[in-house]
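In what follows, every heavy atom counts, from backbone to side chain, and hydrogens, waters and symmetry copies are set aside. A note on names: the letters A, B, ... follow the listed sequences, proteins ahead of strands, and every chain is numbered from 1.
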Amino acid sequence: MAVLTEEQSMLRDAAKSWVQEKSPVTAFRKMRDSGAELGYDVAAWNEMAEMGWAGVIVPEEYGGSNFGYLSLGLVLEELGRTLTASPLIASGLGAASALILGGSEEQKQAWLPKIADGSAVAALAIDEGPHHRPEKVDAKVEGGKLSGKKVFVLEGMAADLFVVSAKSGGAIELYLVKADAAGVSRSKLSLADSRGAANVTFENVAVSDADKLTGGAALLDKVLDRARAGLSAEMLGAALQAFEVTLDYLKTRVQFGQVIGSFQALQHRAAKMFTELELSRSAVEAALTAIDNDAPDTAELVSLAKAKMGDTFHLVSNEMVQMHGGIGMTDAHDAGFYLKRARAAEAAFGNQAFHRDRYARIQGY
Amino acid sequence: MADFGGTDLEAFRAEVRSWVEANFPASLKGKPNPMAREERGSEPTPDQEAWRKAVGAKGWGTPTWPAEYGGGGLSGAQARIVQGEFARAGAYNPIGGMGVMMFGPTLLEYGTEAQKQEHIPPICRGEIAWCQGFSEPGAGSDLASLQTKAEDKGDHFVINGQKIWTSGAQWADWCFCLVRTDTSKKHEGISFVLFTMHQPGVEVRPIPLIAGSSPFCETFFTDARAEKKDLVGPLNGGWTIAKRLLQHERSGLTGAGGGLGSGGKPIEVLAKEYVGLDDQGRLADHDLRTRLVTNAMNMRAFQQTAVRAMVEAKGNASPSSATSIMKNAGTQLIQERHEMALEIMGHQGLGWEGDAFKADELAAVRGWLFGKAFTIFGGSQEVQSNIVSKRILGLPDLTQAK
């Protein structure tokens with residue numbers, strides 16, 4: 001754990017106690033069982049927004065607290081522990097970053113206060129195929145009309161506003177498109193991890209320069225890096241919880257007349273997971289700190305965090321099921337939730353292979 | 001990063017810089033530390049001796065140790081300035097070895113005033129080389145089963161037994177040694193004693209290793225003598241001190257460099273030279289590329305963790321849990337790099353000696369083989385995993401290790 005300021009400690013403690021009291025994994029299970037249309041509990045999201053979490057990175061003049069990305073990461077880590085589903089990453093992190101970094105004064109005035117108080121949900125509509133390839137964009141703006149298909153749009157069903165990547169005159173640009181604009185249609189994706197996502201189609205949607213963000217492909221890269229780092233923080237929390245639950249099981253499950261955690265074959269695998277979690281925490285905190293400092297090596301540090309965290313969550317979620325044995329295979333146990341969430345989070349905003357490739361390219365090989 | 005540059009520190013930096021300019025012999029600029037060589041056959045040159053004496057007199061080779069025992073008495077920030085100014089001038093720190101890395105910090109913590117006064121200043125001056133008498137043929141991972149016996153003879157102990165893997169014993173002046181002073185107990189029957197290596201009862205035999213020559217020795221004690229005043233800590237209380245010393249040893253063995261530790265080129269650079277890039281600027285061997293970048297990223301995360309552990313140790317009340325993983329994580333990553341260096345060099349990475357191979361290539365082979373020791377010495381990978389399981393994760397212990 002990084003050395004925190006007093007404000008950051010208070011924020012983290014508030015998140016920790018809210019998550020434990022109001023949003024344990026049983027709440028996620030209830031949401032899943034209810035088949036919630038949006039993939040999250042709206043009442044819980046409203047409570048989160050009331051506590052100011054949707055505006056942690058938003059400047060104060062637009063209704064946020066301007067605490068920065070490491071601070072938001074602390075909240076996301078706590079939420080990740082119990083798999084709390086919410087539009088915080090899509091809206092209060094991803095789309096908010098796009099507006100903060102590339103929005104005009106009018107665009108910021110129009111959307112940031114609503115994002116910060118939770119009254120509007122915004123989402124990133126970037127991917128177009130089965131893999132995250134943000135540089136491959138077929139969506140186009142021609143003659144003031146945006147057309148294209150976006151897939152795996154996180155919180156796509158809940159969104160009031162989309163931040164859409166599209167080519168205009170051959171260059172990638174980001175556009176703000178209201179979900180209720182003529183020509184926008186969406187279909188809910190029912191995903192293994194039960195979180196909210198949609199495929200969204202844009203058909204001759206009217207857009208003007210007033211809807212365009214400033215910054216093009218470089219802006220997109222920066223926005224995605226912020227979403228990646230925040231998602232990595234959520235994954236850190238989830239992986240830590242998965243590990244701790246598994247460790248408890250090793251200390252209580254008795255076979256052959258002793259707790260199974262006394263077997264060295266399992267002990268060393270537990271030590272391996274602990275090691276990977278420590279390395280991952282360092283990478284995640286370093287990435288968030290780099291964003292806060294606008295460090296020149298932010299891109300590689302973010303790719304490091306997302307790849308490392310992806311590998312670690314992958315490992316820990318698999319071990320959670322394996323070490324629990326048969327009970328870990330049952331839907332009644334939480335292990336499956338962590339396993340499913342791990343794969344969805346790994347794929348979002350670039351999996352390990354994507355980020356290893358990106359890191360190597362930045363290093364010149 | 002925080003800004004450590006207060007005006008006092010800037011004045012100190014200026015002082016260090018002019019001192020280095022005045023004292024560091026130009027002939028040594030950019031030269032490797034002679035202490036880092038595996039074999040120390042040759043006598044030090046007059047310039048090397050002059051530099052050692054100058055740094056030793058300042059105490060700047062052990063910058064944060066108390067000045068009253070010959071250390072530099074500097075703060076951490078000042079010590080970093082000394083380090084930075086040495087690096088800037090292309091100067092190495094001539095004060096090192098086991099005395100600095102392991103024994104000195106342990107004695108400062110557990111030694112009596114008289115012991116500290118006697119043994120610490122020569123370490124700070126780089127005058128005395130120490131060796132570590134811990135492992136025995138029958139006591140490796142299970143170190144506490146050691147049998148080397150010390151008999152109480154009133155004002156001294158008589159020591160009989162055998163140690164192994166005593167690195168640098170052939171060059172050492174003194175030995176810090178674990179001995180059995182009570183055969184009825186295991187951990188509580190061990191004492192920590194010091195004695196000179198220059199006595200008839202001590203015989204040293206170097207052990208050739210798979211990498212060729214090595215600094216490791218077998219050391220035999222036949223009625224060797226240790227003075228009572230050189231017992232550190234209480235009689236039969238040596239295990240606690242040994243554990244503390246091993247922590248110092250392990251923290252020094254993580255190899256958090258990123259290179260191969262021999263000052264050679266990073267393997268990413270080697271890979272570009274030997275394997276080449278494809279038309280998209282990627283390493284032409286894609287299988288290697290994936291493994292190489294994975295290692296590079298893990299190495300970066302490891303370095304980030306080292307920094308985090310240091311910052312947390314200062315800023316938070318409880319010690320960072322990150323430190324416990326460092327030895328295993330670091331040594332495994334370094335070994336992977338050694339393996340990849342060989343793979344990258346292909347046939348040229350198989351040379352044992354001779355003109356057909358470049359110095360880098362020969363060094364890669366020897367480094368690869370010597371590197372196998374990293375996950376064995378200072379507590380094997382398996383013992384480290386046991387320690388994490390038991391002390392950090394609180395899993396039950398079936399080995400009765402302490």
Any sub-3.5 Å donor-acceptor pair from T298(A)'s side-chain atoms to D294(A)'s backbone N or O?
no
What part of L301(A) gets within 4.5 angstrom of chain B, counting heavy atoms only: side chain, backbone, both, or neither?
side chain
Just checking, any donor-acceptor pair under 3.5 angstrom between side chains of R343(A) and S317(A)?
yes
So, the part of D357(A) with a heavy atom under 4.5 Å from chain B: the answer is both
Which one of Q280(B), R289(B), Q381(B), R282(B) has the most heavy-atom pairs closer than 4.5 Å to chain A?
R289(B)
For K372(B), does the NZ atom sit with more than 12 other heavy atoms under 6.0 Å from it, leaving out its own atoms?
yes
I'd like to verify something: which residue of E285(A), Q258(A), E300(A) has the highest number of heavy-atom pairs under 4.5 Å with chain B?
E300(A)
Which one of L395(B), V388(B), I387(B) has the most heavy-atom pairs closer than 4.5 Å to chain A?
L395(B)
Atom CE in M273(A), atom CZ in F243(A): separation rounded to 0.5 Å?
5.5 Å
With V302(A) as reference, evaluate R226(A), K222(A), R228(A) under the side-chain contact (heavy atoms from CB on, under 4.5 Å) test and give the passing residue.
R228(A)
Under 4.0 Å between a Lys/Arg side-chain N and an Asp/Glu carboxylate O for D285(B) and R291(B)?
no
Is the closest basic N to carboxylate O distance between E10(B) and R13(B) below 4.0 Å?
yes
Contacting region of E382(B) [heavy-atom separation from chain A under 4.5 Å]
both
What part of I392(B) gets closer than 4.5 Å to chain A, counting heavy atoms only: side chain, backbone, both or neither?
side chain
Top of E244(A), R361(A), K272(A) for chain B proximity - count of heavy-atom pairs under 4.5 angstrom:
R361(A)
Side chain, backbone, both or neither: which part of Q352(A) has an atom under 4.5 Å from a heavy atom of chain B?
neither
Measuring heavy-atom distances to chain A, does L283(B) have an atom under 4.5 Å in its side chain, in its backbone, in both, or in neither?
both
